[in-house]
Amino acid sequence: MFKVYGDYRSGNCYKVKLMLHLLGKAYDWVPVDILKGETQSEAFLAKNPNGKIPVLELDDGTCLWESNAILNFLAEGSEFLPSEPRLRTQVLQWQFFEQYSHEPYVAVARFIQLYQGLPEARREEYQVCQARGYKALKVMEKQLERTPYLVGERYSIADIALYAYTHVADEGGFDLQTYPAIRAWLARVASHPRHVGMLD
Ligand SMILES: N[C@@H](CCC(=O)N[C@@H](CS)C(=O)NCC(=O)O)C(=O)O
């Protein structure tokens, strides 16, 4: 049985939860409160020295961290991770894009707006997140105008990685009205029979 250390409201943690549901795998969810500093305790740092959730703990005690690395581990051998090297590299390409060009802006804008109530001290940073977040959303829109999923015709862990924060982008002040391909993709992802919502 897998153990997931996480917070339901975190997109990075939601990626792991969504993957486990899509695969129909059982897991125990261990809630970790970032705001109470629980990721910095000695016990937690022994699981992830970087002090961040999500962490996936295996039966033998091995702890895996970094959400997209966990997705790759869980999806191995499943329909959500292509085996053909070119397609597999494209999955990784979107996951690296997510971590470098999307999450640091779309997720951080959400944190500043939803959790911190847009404090004056972070307004300038919020504006930067808006500009760079929209730039990342445009990149996704262009791809999704051409293909139903980020990597061609099949739902993959590239989609899970990017769905996590894109589907709650409005909570960071992003308006997807002029991104019809992204909106259609969000609905496509959510229509999977084993889909689970972030807060379900
Ligand atoms: N690159 C990491 C980012 C993980 C991350 O930023 N987690 C946040 C919650 S969404 C966290 O644990 N923050 C607590 C902290 O930084 O102390 C991943 O994808 O797993």
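All values below come from the heavy atoms of this structure, side chains included, with hydrogens, waters and symmetry mates left out. Here the structure is a predicted model, which is why all the values come from computation and not from measurement. As the structure lists them, so they are numbered: ligands from 1, and atoms in each ligand from 1.
Ligand-side atoms of ligand 1 in range of Y165: 10 (S), range being under 4.0 angstrom from any heavy atom. Remark: ligand 1 atoms within the under-4.0 Å shell around heavy atoms of T39 are 14 (C), 17 (O). For ligand 1, the atoms lying closer than 4.0 Å to a non-hydrogen atom of S10 are 10 (S). Taking a cut-off of under 4.0 Å to the non-hydrogen atoms of P54, the atoms of ligand 1 that pass are 20 (O).
For an aromatic pair to be called close, the ring centres must be under 6.0 Å apart, and H102 with F96 fails this. Two rings, from F80 and Y155, have their centers less than 6.0 Å apart.
Pairs of residues two or more places apart, or lying in two chains, that qualify as side chain to side chain donor-acceptor pair (under 3.5 Å) and include a residue from residues 177-193 are D159-W185.
The backbone and the side chain of I53 each have at least one atom closer than 4.0 Å to an atom of ligand 1 (non-hydrogen atoms only).
Between K47 and E57 there is a salt bridge, with a side-chain nitrogen of the basic residue lying less than 4.0 Å from a carboxylate oxygen of the acidic one.
Of the N or O atoms in N68, none lie within a sub-3.5 Å distance of an N or O in ligand 1. For the pair I34 and ligand 1, the shortest N or O to N or O distance does not fall below 3.5 Å.
Applying the under-4.5 Å side-chain rule to Ile, Leu, Val, Met, Phe, Trp and Tyr, the cluster around Y115 extends to L35, F111, L114.
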